[in-house]
S.K.: 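Handing you a structure now.
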Amino acid sequence: MTTAIPFSTNWQSFERRPRGLENFAGWAIMLLVFCIPWGDAIQVFDDLQFSRLLTLPVTVVWLALAARQGARQTSSPHLFMFLFILWACMSLFATVDQYRSLRRLLSYCQLFLVAWLMYQLIRTGQQYLRVMQAYVLGAWVGLGLLTYNFMNGVVMGDGRYTAPGFDPNDLAATMTLGIPIAWHLTFTTAKWRWLNRLYVPCAVIGTLLTASRTGLVMLAVAMVFPALGMRKISLKSKAGLLALLIVTGAAISLFWEDISVHRLTTIGEQLESRDLNGRVEAWYRGIAVFLENPLVGIGGGAFSTAISSGGGSTSAAHNTLLEILVEHGGIGLVCFIAIVISVLRRALRFPARERRLCLTLMLMWAIATMVLSWENRELTWLLWGFCMVPIGAQTAAATASRRPRAPVQTPFRIPQAVR
């Protein structure tokens, strides 16, 4: 049974410098987040990503910290995550593919640990910013791997580039999710500012080189994020933002001939033809399988097995909600949607700047889930972890009444209690 840490409403105590094991735990979660954006590039132990394996030692670090300082109370998203995993466990008794379902269940447990460790190990506002910076640095590694393939002429069909071990759509989504985070860091901390600014045009070019239509839509949403806070930044910052947009445009023109523009411009054609590279057919087959098992489903990870038995050749549903509906039935889908809603409710308690960031990331994630199977991706549960860290729940009036005379430079407000 976990015990609650008595969080103080004093900003100075929240921003105290962590020491000893707590500081080590902060670096451990940073390392884990750093490895997740490029984890697909390193496979160990039968197609197991290195970043997933890294979750275990980080969990050991948290256990040592919890034994000394206690643990935060569980929140409503954790409860729904637990129910979702419990239901996935129950599906082992009705699965059509025992091996895949068992692997999927173990994967869900590891993914839960990612969100749990984010919630438990980020203890200060400084650590929260550092973890976000770790994600951007990890996305830089993915960009570097993409550049390596580009320089060596490693290209897929339709002129698409990607990093070793990555599906182009997954890589594009990973890079675009880093753009709002990089923007946020640019205006909240001076550390690595030049690297965060440079990430934006590089991520735009990288996304376009993947020729991912999903990535293109996510990119459009990501580029809107800076405009949301334009009224609250200085004239100098606005000039810097304009200069960065000009640099991005120049970079696009420089790589224009290497971008599969034809594929990116077929979004309308794919929607009109109702094909989406064979996804629509897979969705029809999935719906047919769901109607045969509407409540319990066919078992986690068994979508490809059920579709193949019906004459299909696809390996995934390419739609997160449909895949959950088919594999875990209506009950599993309700649990999954409950996770998303509870995470959004926590994000709405954040201070304005962090709230805009989290809602933008969740919107981009929702776009990705429409055509990608992301319930089993670390990025999904990592994003939930970003939105669950208890960094703000007080009203403005309550915060102002408790603010010390010498204000601390931090964008965070600590809640009165962790709920």
Side-chain angles (χ1 to χ4, degrees), residues 33-34 36-38 128-147 161-163 166 168-189 191-230 233 237-238 240-252 255 259 264 347 353-369 372 374 377-380 382-383 385-387 411:
V33 174
F34 167 74
I36 287 177
W38 54 276
Y128 188 75
L129 292 175
R130 285 179 175 179
V131 168
M132 286 194 290
Q133 185 66 72
Y135 180 89
V136 176
L137 293 176
W140 267 113
V141 176
L143 271 169
L145 295 172
L146 171 64
T147 303
Y161 294 92
T162 188
F166 271 90
N169 296 315
D170 288 333
L171 179 62
T174 301
M175 292 187 297
T176 53
L177 283 171
I179 292 177
I181 299 177
W183 277 122
H184 178 78
L185 292 171
T186 296
F187 294 108
T188 53
T189 177
K191 295 181 179 179
W192 303 96
R193 178 170 294 176
W194 63 271
L195 191 63
N196 293 324
R197 289 178 176 175
L198 183 61
Y199 176 81
V200 176
C202 292
V204 171
I205 297 299
T207 301
L208 295 178
L209 286 175
T210 64
S212 170
R213 290 169 292 217
T214 303
L216 183 63
V217 178
M218 295 177 65
L219 184 61
V221 176
M223 298 305 290
V224 171
F225 174 73
L228 298 178
M230 283 290 288
I233 63 177
S237 298
K238 292 180 181 179
L241 175 60
L242 179 60
L244 192 58
L245 292 176
I246 294 175
V247 171
T248 303
I252 293 175
F255 288 89
I259 299 173
L264 292 173
R353 184 177 293 175
E354 286 70 35
R355 181 169 63 247
R356 288 195 299 266
L357 172 64
C358 289
L359 293 181
T360 300
L361 292 174
M362 289 296 290
L363 176 59
M364 296 172 64
W365 171 82
I367 294 173
T369 60
L372 300 174
W374 265 30
R377 294 284 300 183
E378 284 183 296
L379 277 179
T380 291
L382 175 66
L383 177 59
F386 271 128
C387 298

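For the numbers below, each heavy atom of this structure counts, side chains included, while hydrogens, waters and symmetry mates do not.
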S.K.: How long is the span from the OH atom in Tyr135 to the CG atom in Leu177, to the nearest 0.5 Å?
M.R.: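 The CG atom of Leu177 is 4.5 Å from OH of Tyr135, to the nearest 0.5 Å.
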S.K.: Nearest 0.5 Å, please: how far is OG1 in Thr162 from CG in Asp170?
M.R.: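 If we round to the nearest 0.5 Å, Asp170:CG and Thr162:OG1 are 8.5 Å apart.
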S.K.: Quick one, Leu379 with Leu383, criterion side-chain contact (heavy atoms from CB on, under 4.5 Å). Give me CA distance, side-chain angles, the key distance, then yes/no.
M.R.: CA-CA 6 Å; Leu379 277 179; Leu383 177 59; over 6 Å; no
S.K.: Rounded to the nearest 0.5 Å, what separates atom NZ in Lys191 from atom CG in Asn196?
M.R.: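 If I round to the nearest 0.5 Å, the distance is 12.5 Å.
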S.K.: Just so I know, are the side chains of Met223 and Val204 near enough to count as touching, which here means a heavy-atom distance under 4.5 Å?
M.R.: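 Yes; the side chains approach each other to less than 4.5 Å.
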S.K.: How many angstroms lie between atom CG of Leu372 and atom CE of Met218, to the nearest 0.5 angstrom?
M.R.: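 Interatomic distance, Leu372 CG to Met218 CE, rounded to 0.5 Å: 8.0 Å.
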S.K.: For Leu185, which of Leu195, Leu357, Val136 qualifies under side chain to side chain contact (heavy atoms under 4.5 Å, CB included)?
M.R.: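 That would be Val136.
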S.K.: Where do Ile181 and Tyr199 land on the side-chain contact (heavy atoms from CB on, under 4.5 Å) test, with the steps shown first?
M.R.: CA-CA 10 Å; Ile181 299 177; Tyr199 176 81; over 6 Å; no
S.K.: Search all heavy atoms of Ile259 against all heavy atoms of Leu208 and return the closest pair with its distance.
M.R.: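 What the structure gives for the nearest pair is CG2-O, 3.5 Å.
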S.K.: To the nearest 0.5 Å, tell me how far Trp192 CH2 sits from Leu129 CG.
M.R.: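 Trp192 atom CH2 to Leu129 atom CG measures 14.5 Å (nearest 0.5 Å).
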S.K.: Quick one: closest heavy-atom pair of Phe166 and Trp38, and the distance?
M.R.: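 So the minimum-distance heavy-atom pair works out to CZ-CA, 3.6 Å.
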S.K.: Looking only at heavy atoms, which two atoms of Arg353 and Phe187 are closest? And how far apart?
M.R.: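 Taking Arg353 first and Phe187 second, the nearest heavy atoms are NH1-O, 3.2 Å.
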S.K.: Search all heavy atoms of Pro168 against all heavy atoms of Tyr161 and return the closest pair with its distance.
M.R.: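 Nearest pair, atom of Pro168 first, then Tyr161: CB-O, 4.4 Å.
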S.K.: Identify the heavy atoms of Phe386 and Tyr128 that sit nearest to each other, and give their distance.
M.R.: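 Looking at all heavy atoms of both residues, the closest pair is O-OH, 2.9 Å.
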S.K.: Working to the nearest 0.5 angstrom, can you tell me the gap between Thr176 OG1 and Met364 CE?
M.R.: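 So the gap between those two atoms works out to 4.0 Å.
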S.K.: Is there a side-chain contact (heavy atoms from CB on, under 4.5 Å) between Phe225 and Ile179 once you walk through the steps?
M.R.: CA-CA 9 Å; Phe225 174 73; Ile179 292 177; over 6 Å; no
S.K.: Where do Thr174 and Pro37 come nearest, in terms of heavy atoms and distance?
M.R.: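 Thr174 and Pro37 have their closest heavy atoms at CG2-O, 3.6 Å.
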